[in-house]
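In what follows, a structure is listed as structure tokens, so that the remarks can point back to it.
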Amino acid sequence: MTVSTLLIPTADGRADAFAAFPDHGAHHPGVLMYPDGFGIRPVLRDMARQLAAHGYYVLVPNLFYRHGPAPVTDLPEHIGEQARPAIFARLMPLIEAHTPERVLSDADAYLRFLTAQPEVSAGPVAVTGYCIGGLSATRTATAHPGRVAALAAFHAPVGADGPDSLAELTAEVHFGHAESDLTPEALGELDKALDAAGVTYTSEIYPGTVHGFTMSDTDAFDATALRLHWDRLLPLLGRTLSGRT
């Protein structure tokens, strides 16, 4: 496994990023992995390495690079409920400043950089993300039909831009929702928007979960749901990125 910290040229500077890919083989399908609001940290690096071990080049950008390199704020080893209010007080201004326009500008830069890496196979890539990163992944896939073959988002506000925002999707989609994040009625409305887009998709509530269930360094972590996340993500990537060289 090769891992490195890279700098991605963007319209507003340079974004630091973590990359992981297998040592074997000359080329690997590209996956752009957007972190949650807590950003790049050991758990995200571990998840990137785990995904890369299945044969992918995984790029994890620092969403908040305009405010400094990751981590942009001090984080405890375990992000418990008592620590969350103070952490979010520091992070919310950064999240609010990460406007849809900035997301799309950055997405252009991230995709351009990812597909230019000599270890990345030619052709479409996949995007995946967690929490606010899942919304960024959704916006990226919607803005780049044809370039993104697969979209996966977990415990993410993927409907935040309204149902019409998904109309241009062409990627195959998996949305894994926390039970605490949306109602069955809201899930139905989201699924109607995906039906209208005409894409192949799965969109499901992971039973008994709360927001952030994939992140093992938080109180929200659910080991069963994390396994389900891998059970959904890996076949999706295998179907959409298989056969690339």
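Both backbone and side-chain heavy atoms feed into the values below; hydrogens, waters and symmetry mates do not. The structure presented is a predicted model; accordingly, all values stated were derived computationally and were not measured.
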Original post:
Is the closest side-chain donor-acceptor distance between Y65 and T10 under 3.5 Å?
Top reply: yes
Subject >> Pairs meeting criterion salt bridge (charged side-chain N to carboxylate O under 4.0 Å, His left out) with involvement of residues 97-126, two or more places apart >> reply: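 Every salt bridge (charged side-chain N to carboxylate O under 4.0 Å, His left out) pair that includes a residue of residues 97-126, provided the two are not neighbours, is R66-D106.
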Original post:
Pairs in or reaching into residues 211-227: which pass salt bridge (charged side-chain N to carboxylate O under 4.0 Å, His left out), with residues at least two apart or in two chains?
Top reply: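 The answer is R41-D217.
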Subject >> side-chain contact (heavy atoms from CB on, under 4.5 Å) partners of T2, counting only residues at least two apart >> reply: F21, D23
Hphob cluster co-occupancy, [X] + [Y], side-chain heavy atoms under 4.5 angstrom:
X	Y	value
L151	L114	yes
Y201	V125	yes
F175	V210	no
V148	L236	no
L135	L182	no

**OP:** Take atom CD of E168 as the centre, draw a 6.0 Å sphere, and report whether it contains more than 12 heavy atoms from other residues, nucleotides or ligands.
**Re:**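 No.
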Subject >> Neighbour count >12 (heavy atoms, 6.0 Å) for atom CZ, R14 >> reply: no
Would a 4.5 Å heavy-atom cut-off, applied to side chains only, mark [X] and [Y] as touching?
X	Y	answer
T73	H67	no
L226	M47	yes
L51	W230	yes
T138	L166	yes
V72	N62	yes
Q117	L59	no

Original post:
What pairs meet the ring pair (Phe, Tyr, Trp, His ring centres under 6.0 Å) rule with one or both residues in residues 118-152, with sequence neighbours excluded?
Top reply: Y130-F154, Y130-H229
Subject >> Residue pairs passing the ring pair (Phe, Tyr, Trp, His ring centres under 6.0 Å) test where at least one lies in residues 88-109, sequence neighbours excluded >> reply: F38-F88, F64-H98
Got a second to check how far [X]'s [atom1] is from [Y]'s [atom2], nearest 0.5 Å?
X	Y	atom1	atom2	result
S203	L190	OG	CG	4.5 Å
L32	Y110	CG	OH	8.0 Å
Y34	T140	OH	OG1	2.5 Å
L44	D36	CG	CG	5.5 Å
D191	D195	CG	CG	6.5 Å
H174	T202	NE2	OG1	4.5 Å

Original post:
Does R49 use its side chain to pair, donor to acceptor, with the backbone of V3 at less than 3.5 Å?
Top reply: no
**OP:** Return yes if some donor-acceptor pair links the side-chain N/O of S180 with the main-chain N/O of H211 below 3.5 Å, else return no.
**Re:** yes
**OP:** Quick one: closest heavy-atom pair of P22 and A52, and the distance?
**Re:** CG-O, 3.2 Å
Subject >> Residues which pass salt bridge (Lys or Arg N to Asp or Glu O under 4.0 Å) with E189, listed by chain and number, not counting sequence neighbours >> reply: K192
